[in-house]
> 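First, the structure itself, so that you have it in front of you.
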Amino acid sequence: MTRLEVAADDLFGLHNLPYGVYSVPGQEPRLATRYGDYVVDLALLLGDPDDPVLAAPSLNPLLAQGHARWVEVRTAITQALRGDLPEHAVHAVHDLGAVTLHLPVEVADYVDFYASEHHAANLGRLFRPDNPEPLLPNWRHLPVGYHGRSASIVVSGTDIVRPCGQRASDTGPVFGPSTRLDIEAEIGFVVGTGNPMGEPIAVEAAERHLFGVVLFNDWSARDIQAWEYVPLGPNLGKSFASTISPWVVPMLALEAARVPTPVQEPAVLPYLAMQPHPWGLDIDLEVEWNGEVVSRPPYAAMYWSPAQMLAHLTVNGAPTRSGDLFASGTVSGPAKEQRGAFIELTWGGREPVTVAGARRTFLEDGDEVVLRATAPGPDGTRIGFGEARGRITPAKPRS
Ligand code: CA
């Protein structure tokens, strides 16, 4: 009989207990939680090593079981870890450094929103410098978004190959490796239970459909994006890769992190209205570029609530499924050092920043970017989200 000793104020203490998928050499991936720096196999911990849901290679079967079951499983994990580990759990525990972490969710569909007023206004100024109003007329009335590519969502630690594509030049379009490769620091929301086609998720019901939160880096090729995006929006400038953190922090762990969104003015249409007010999350993000923190974007400044994003996503009757993922859009605060994309931080590349002693604008081959975040937990604790890490490797020559 042993007890796992983890400090009460650890970022991965009993108040967090995120979900992930791990493997050890010679074994198939299985569900786990992280407790301190331990990775704990869920099915072994809870007593049925072959449980088809808790020993699954992705969270999707657990997501499909719904909110009441998520509460039940979280309570069971908490109770099992709080005391002495039962005899059957002796093989459940691994050191974090001894396992491989995998994509936690088989991502069904993926939508990316644009929920930061500061980011949308900065991009408006950069992409439409002649327009005195940086926000387009729809922006305060609906959470703007586009459908992305779920197949190119990868787990933290996966190398990112520099994409090739078309970009504009003075003599017409040219093809080649992107020269303006960028990041977007975002939060991703995992949909636990979806909705059938034709039956939208009401905004007040949305939180029972939301399972949890990941860090999300929406790698973006600005030169490809700028040439292709009119009039239908982002496509190849975004669809080559997005990185998520391996741990899904449950919404159930984030109740102390809820904060009202900024005031929404003008009033939103009734299907987006929330009483007494829409809530966001007080998540402090951090962007590290080649070992140096260059930005600290505050998620609390996001204009649109995750519940509003999910309600909007389905209001036309579009179905969602367990494992759908929607991301918030770049998180940027009002201050320069709170901008979540390098195009904003360097103002379109015109104001280089000093990173680890070098003057830099966009990403070079070999650069590494790591997103991290924390949020308030209960009783003065903090919740950790782990990291979303990626390194740029050179473009592949065309064969
Ligand atoms: Ca984005």
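Start at 1 and go down the list; that is how both ligands and their atoms are numbered.
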> Within rounding of 10°, what is the angle whose vertex is the Ca ion (ligand 1) and whose arms end at OD2 of Asp218 and OD2 of Asp112?
80°
> More than 12 heavy atoms of other residues, nucleotides or ligands under 6.0 Å from CG of Asn138: is that the case?
yes
> Hey, would you say the Tyr22 and His94 ring centroids sit under 6.0 Å apart?
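Between His94 and Tyr22, which both carry aromatic rings, the centre distance is below 6.0 Å.
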> Is Arg258 close enough and on-axis enough to Trp279, meaning under 6.0 Å and within 45°, for cation-pi?
yes
> Do His119 and Tyr114 make the cut of ring centroids closer than 6.0 angstrom?
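Ring centroids of His119 and Tyr114 are less than 6.0 Å from each other.
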> Which N, O or S atom name in Glu186 marks its closest approach to the Ca ion (ligand 1)?
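Closest to the Ca ion (ligand 1) among those atoms: OE2.
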> Could you check which N/O/S atom of Glu184 is closest to the Ca ion (ligand 1)?
OE1
